[in-house]
2 protein chains.
Amino acid sequence: MTVTLADVAARARVSPATVSRVLNGNYPVAASTRERVLKAVAELDYVLNGPASALAAATSDLVGILVNDIADPFFGIMAGAIQSEMGGPGGRAGGERLAVVCNTGGAPERELTYLTLLQRQRAAAVVLTGGALEDAAHQAAMTAKLGRLADAGTRIVLCGRPAVPETGAIALTFDNAGGGRELTAHLLGLGHRRLGYIAGPRERTTTGQRLEGHRAALAAYGVEDDPRRTVHGRYDRRSGYEATLELLRRDPALTAVVAANDSVALGACAALRERGLRIPEDVSVAGFDDLPFSIDAVPALTTVRLPLAEAGARAGRIAMGREEPPPGGIATVRGELMVRASTAPPRP
Amino acid sequence: MTVTLADVAARARVSPATVSRVLNGNYPVAASTRERVLKAVAELDYVLNGPASALAAATSDLVGILVNDIADPFFGIMAGAIQSEMGGPGGRAGGERLAVVCNTGGAPERELTYLTLLQRQRAAAVVLTGGALEDAAHQAAMTAKLGRLADAGTRIVLCGRPAVPETGAIALTFDNAGGGRELTAHLLGLGHRRLGYIAGPRERTTTGQRLEGHRAALAAYGVEDDPRRTVHGRYDRRSGYEATLELLRRDPALTAVVAANDSVALGACAALRERGLRIPEDVSVAGFDDLPFSIDAVPALTTVRLPLAEAGARAGRIAMGREEPPPGGIATVRGELMVRASTAPPRP
DNA sequence: CTGTTAGCGCATTCAA
DNA sequence: TTGAATGCGCTAACAG
């Protein structure tokens with residue numbers, strides 16, 4: 001039925017072993033023989049059987065990329081960058097690796113399920129992106145699972161995600177706290193004292209880190225951190241919309257809103273506008289991440305740019321074994337404050 | 001070294017075959033036996049070897065999802081919806097399928113490479129999303145490749161992509177032409193006669209279809225289709241920005257801009273604003289797709305909503321064999337005109 | 001309901 | 001540089 005390596009061998013009048021060697025290219029083969037084999041491959045339209053190959057070699061060409069939300073460009077940009085590094089040398093069977101993106105939807109059990117599925121496929125590497133879950137039980141399960149994957153020879157890289165000790169995983173972590181601090185310091189420097197903060201979901205590490213930076217800045221300026229000025233939500237615009245209404249209810253004289261990310265900031269803008277408040281004349285708004293649409297917001301959004309594409313590309317190269325991991329296995333990626341039109345001094 | 005099925009069998013004191021049956025669940029096994037096996041699996045921390053399993057069964061749990069640009073929510077939303085349907089019954093080995101997203105970046109050779117990789121993995125199904133390439137040679141190559149995949153038992157589903165005859169592929173196509181027609185008709189109905197059109201890349205089918213709808217509307221209203229009023233670009237905001245400047249250069253008295261999609265429309269808005277033109281008082285702007293950020297544009301964007309999530313979910317179910325394909329293997333998914341604040345009658 | 005027996009298609013020894 | 005032989009870990013008949 002389907003063409004096998006043996007068929008190719010017969011046609012090229014060599015042994016199956018020789019065909020295998022030609023295809024994998026990691027063994028000396030006479031040029032004339034190679035040509036004959038390649039010709040037979042083309043004529044027969046032969047495609048290597050991945051499972052059989054992986055079984056015999058005890059490794060595969062699969063590389064998994066785990067993302068929390070594939071519909072969010074934050075993850076899409078990173079995933080695209082990671083995937084773009086997957087070609088080139090490093091893989092078996094022609095150097096092409098199958099980089100696959102797995103959407104966990106932020107659900108802990110799906111995260112573990114995908115890791116099991118990738119372990120089952122004997123993935124060559126796994127890249128986990130974005131914030132992790134704070135839950136201790138889940139973190140323990142993840143640590144165990146990652147440890148087993150690593151033991152089985154799968155390379156583990158974390159991109160924009162906190163390091164997981166004792167697993168040998170390489171971590172490129174984002175300096176969320178530093179970015180958050182700078183952002184809030186920028187607003188405080190403009191003279192704002194009544195800042196609302198829209199945090200992400202409590203259970204994500206990213207949320208805590210950004211909030212921590214915000215609080216550090218408040219402390220540095222000697223501004224009291226009123227817990228009523230912080231609202232938790234999800235990382236989407238709807239959440240920003242609702243949270244902003246709630247913040248305004250608690251303090252109608254708010255002069256600035258700091259959002260967990262850019263989508264949330266957009267929702268905040270919508271809510272403020274609906275309440276007849278101008279941005280930034282009445283209320284300043286700041287986001288985080290600097291996704292492509294942020295510059296098109298009206299007014300353009302002040303935010304913290306994270307080098308998502310660069311970090312993703314680096315993670316991809318490390319996963320492919322084409323770049324040395326950072327010393328100690330951990331590198332911190334800093335964000336950059338982008339001051340644009342959505343923030344200004346408060347009204348006197 | 002690694003735990004195998006035989007180890008589990010030994011520990012549970014049953015035959016390997018029985019373990020396999022328990023794990024795959026598609027065969028009657030006594031409850032007590034099943035329990036014993038499951039216990040052994042847990043104790044040994046056993047994970048099925050995917051390649052071996054796929055080799056023996058001649059099919060795998062892999063489902064491929066091809067997207068043109070993973071950083072674009074247009075694709076992210078569809079991919080997420082497709083993937084969300086992958087759990088549940090239908091798969092082997094516990095019903096979980098590994099749905100993997102492959103980012104082609106719109107490059108023809110990467111599209112074919114990924115299909116080969118998926119063919120190599122003996123993927124159970126492949127879903128191709130978004131516009132195809134107009135290039136005849138590439139289409140022929142794709143048809144051949146898809147035909148071979150189908151022959152090998154891989155189910156092929158096209159989502160938001162034109163049907164490919166003679167491959168047995170199921171197609172859920174978007175009515176881009178109809179949406180484009182409605183959109184332009186809406187502007188013409190408001191009284192606009194000097195419309196600029198920012199088309200996508202020439203080589204994508206989506207581009208041609210939307211443009212066709214635009215022209216049909218012009219014809220229906222007896223408005224001349226001046227080719228100088230159409231500019232081609234990419235599907236991103238930058239392209240919309242540049243194209244708009246070009247359109248204004250060609251006709252400074254333009255009263256409306258129709259964009260290939262929402263991102264392009266955002267870029268158009270930025271350019272218009274920079275030129276001191278108000279939206280919609282001076283110039284109306286319309287987009288396409290209705291991505292989540294479109295409603296947050298200022299003013300909110302008039303656009304054509306495509307039911308991306310619904311179509312993706314349906315494609316996913318069909319790929320899983322959990323929903324009947326549409327009669328004839330082809331279904332057309334219509335868009336819905338969303339009239340918002342970015343369009344208004346032209347100034348007298 | 002369960003055990004036995006063969007391969008699935010390939011990579012990799014070991015010889016030649 | 002090439003061929004022959006072996007086994008990777010599992011599933012699917014076929015018996016019992």
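All chains are named by letter (A, B, ...) in the order of the sequence lines, taking the proteins before the strands, and each is independently numbered beginning at 1. What you see is a predicted model; the values in this text were computed from it and never measured.
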Q) Roughly, in whole Å, what's the span from CZ in B:R122 to P in C:dG9? A) 8 Å
Q. Does D:dT2 have OP1 or OP2 sitting under 4.0 Å from an N or O in the side chain of A:T33?
A. yes
Q | From C:dA11, C:dG7, C:dT2, nucleotide with atom closest to A:L5 side chain | A | C:dA11
Q) Do any side-chain nitrogens or oxygens of A:N49 fall under 4.0 Å of OP1 or OP2 in C:dC8? A) no
Q: Rounded off to whole Å, could you give me the CG-to-P distance for the B:D7 and D:dC8 pair?
A: 12 Å
Q. Have A:T113 and A:T116 got a donor and an acceptor in their side chains that come within less than 3.5 Å?
A. no
Q) Given D:dT11, is OP1 or OP2 found less than 4.0 Å from the side-chain N or O atoms of B:S53? A) yes
Q) Phosphate oxygens OP1/OP2 of C:dT2: is one of them under 4.0 Å from a side-chain N or O of B:S15? A) no
Q: Tell me which nucleotide among C:dT12, D:dG9, D:dT11 gets nearest to the side chain of B:A52.
A: D:dG9
Q) How about B:V67 and B:C102: do any of their side-chain heavy atoms sit closer than 4.5 Å? A) no
Q: Go through C:dC1, C:dG3, C:dA11 for me and flag the one nearest to the B:T18 side chain.
A: C:dG3
Q) Within a radius of less than 6.0 Å around CD of B:E109, do more than 12 heavy atoms belonging to other residues, nucleotides or ligands occur? A) yes
Q.
Please report the distance, rounded to the nearest Å, between CG in B:L48 and C1' in D:dC8.
A. 14 Å
Q.
What is the distance, to the nearest angstrom, from the CZ atom on B:R120 to the P atom on C:dC10?
A. 11 Å
Under-3.5 Å N/O pairs linking protein and nucleotides 13-16 of chain C:
none

Q: May I ask you to say whether A:E324 pairs ionically with A:R314, meaning some side-chain N is under 4.0 Å from a carboxylate O?
A: no
Q.
Using whole Å, what does the distance between atom C1' of nucleotide C:dA11 and atom CG of A:L55 come to?
A. 10 Å
Q. Base, sugar-phosphate, or nothing: which does B:V19 touch, judged by heavy atoms less than 4.0 Å apart?
A. nothing
Q.
Does this structure show an ion pair linking A:R161 with A:E111, if we count only N-O contacts that are shorter than 4.0 Å?
A. yes
Q | Sidechain N-carboxylate O distance under 4.0 Å for B:K39, B:E35 | A | no
Q. Quick one: B:Q121 CD to C:dG9 C1', roughly how many Å, whole number?
A. 13 Å
Q: Test B:E134 against B:R204 for salt bridge (charged side-chain N to carboxylate O under 4.0 Å, His left out), laying out the working first.
A: CA-CA 6 Å; B:E134 294 277 11; B:R204 302 223 76 92; over 6 Å; no
Q: Provide, to the nearest angstrom, the distance between the CG atom belonging to A:N24 and the C1' atom belonging to C:dG9.
A: 13 Å
Q | Candidates D:dG3, C:dT2, C:dG7 - which lies nearest the side chain of B:A56 | A | C:dG7
